[in-house]
Amino acid sequence: MRDEVRTFVIEQLQDMNYDVDGIDDDTTLGPSGVDLESLALSDLSVRVEDRYGLRFADDESEKLALMTVGEFTTMVADRVAGATTDNR
């Protein structure tokens, strides 16, 4: 699941016109990494929410900007797995 989420995130970044060459799991989403500004981070969050049926809390946006691509994809995959388990 994590690989699927990571692929989706990279595809969405590319769709949002970000240069994805050289992005790895240690690349931060915010400054000094992908350099997503708050609006772009919100856009990515909404795309992930729509795709995986998740909801991020309003106060999570600052935390997301500090995450690496690896941390973000792991968090999303864990939430998806938790939601799947909760719905059984």
Side-chain angles (χ1 to χ4, degrees):
M1 170 55 73
R2 186 183 177 288
D3 290 338
E4 175 190 328
V5 171
R6 185 183 189 289
T7 299
F8 178 78
V9 167
I10 297 299
E11 287 172 352
Q12 297 313 301
L13 291 171
Q14 191 168 23
D15 185 59
M16 295 163 60
N17 296 317
Y18 283 89
D19 181 10
V20 297
D21 291 339
I23 290 180
D24 61 24
D25 283 350
D26 295 326
T27 304
T28 59
L29 292 171
S32 75
V34 179
D35 201 22
L36 295 179
E37 295 179 8
S38 59
L39 187 59
L41 193 56
S42 293
D43 186 10
L44 178 62
S45 297
V46 168
R47 291 173 185 228
V48 169
E49 287 176 342
D50 289 348
R51 171 68 176 86
Y52 294 103
L54 304 176
R55 292 290 166 249
F56 294 107
D58 292 338
D59 63 350
E60 284 186 290
S61 60
E62 288 182 31
K63 293 177 191 174
L64 297 179
L66 299 175
M67 288 184 164
T68 64
V69 171
E71 292 168 337
F72 181 70
T73 55
T74 298
M75 177 194 68
V76 170
D78 289 349
R79 287 188 183 186
V80 169
T84 302
T85 302
D86 292 344
N87 291 331
R88 287 185 186 172

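Reckoned from all heavy atoms, side chains included, excluding hydrogens, waters and symmetry mates. As the structure is a computational prediction, the values presented were derived from the model and not from experiment.
Checked against side chain to side chain contact (heavy atoms under 4.5 Å, CB included), T7 has the following partners two or more places apart in sequence or in another chain: E11. Applying the salt bridge (Lys or Arg N to Asp or Glu O under 4.0 Å) test to E4 and every residue at least two apart in sequence or in another chain returns R51. Under the side chain to side chain contact (heavy atoms under 4.5 Å, CB included) criterion, E37 pairs with no residue, sequence neighbours left out. Remark: Y18 engages no residue in a ring-ring contact (aromatic ring centres under 6.0 Å, His included) (not counting sequence neighbours). Every residue meeting the side chain to side chain donor-acceptor pair (under 3.5 Å) condition with E60, not counting sequence neighbours, appears here in chain and number order: R79.
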(request) Would you check, one step at a time, whether the test side chain to side chain contact (heavy atoms under 4.5 Å, CB included) holds for M75 with L64? (result) CA-CA 10 Å; M75 177 194 68; L64 297 179; 3.7 Å; yes
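Counting only residues at least two apart or on different chains, no ring pair (Phe, Tyr, Trp, His ring centres under 6.0 Å) pair has a member in residues 19-47.
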Determine all donor-acceptor pairs shorter than 3.5 Å in which one atom belongs to a side chain in residues 19-26; sequence neighbours excluded.
residue, atom, partner, partner atom, Å
D19, OD1, D21, N, 3.1
D24, OD1, D26, N, 2.9
D24, OD1, T27, N, 3.2
D24, OD1, T27, OG1, 3.2
D25, OD1, R6, NE, 2.7
D25, OD2, R2, NH2, 3.0

Which atom pairs, one a donor and one an acceptor, fall under 3.5 Å between side chains of residues 40-49 and the rest of the protein, sequence neighbours left out?
residue, atom, partner, partner atom, Å
S42, OG, S38, O, 3.1
D43, OD1, R47, NE, 3.0
S45, OG, L41, O, 2.9
R47, NH1, Q12, OE1, 2.8
R47, NH1, D15, OD2, 2.7
R47, NH2, D15, OD2, 3.4
E49, OE2, F56, N, 2.7

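Criterion: ILVMFWY side-chain heavy atoms under 4.5 Å apart, direct or through other members. Under it, V69 and M16 are part of a common hydrophobic cluster. M1 and V76 end up in the same hydrophobic cluster when Ile, Leu, Val, Met, Phe, Trp and Tyr side chains are linked at under 4.5 Å.
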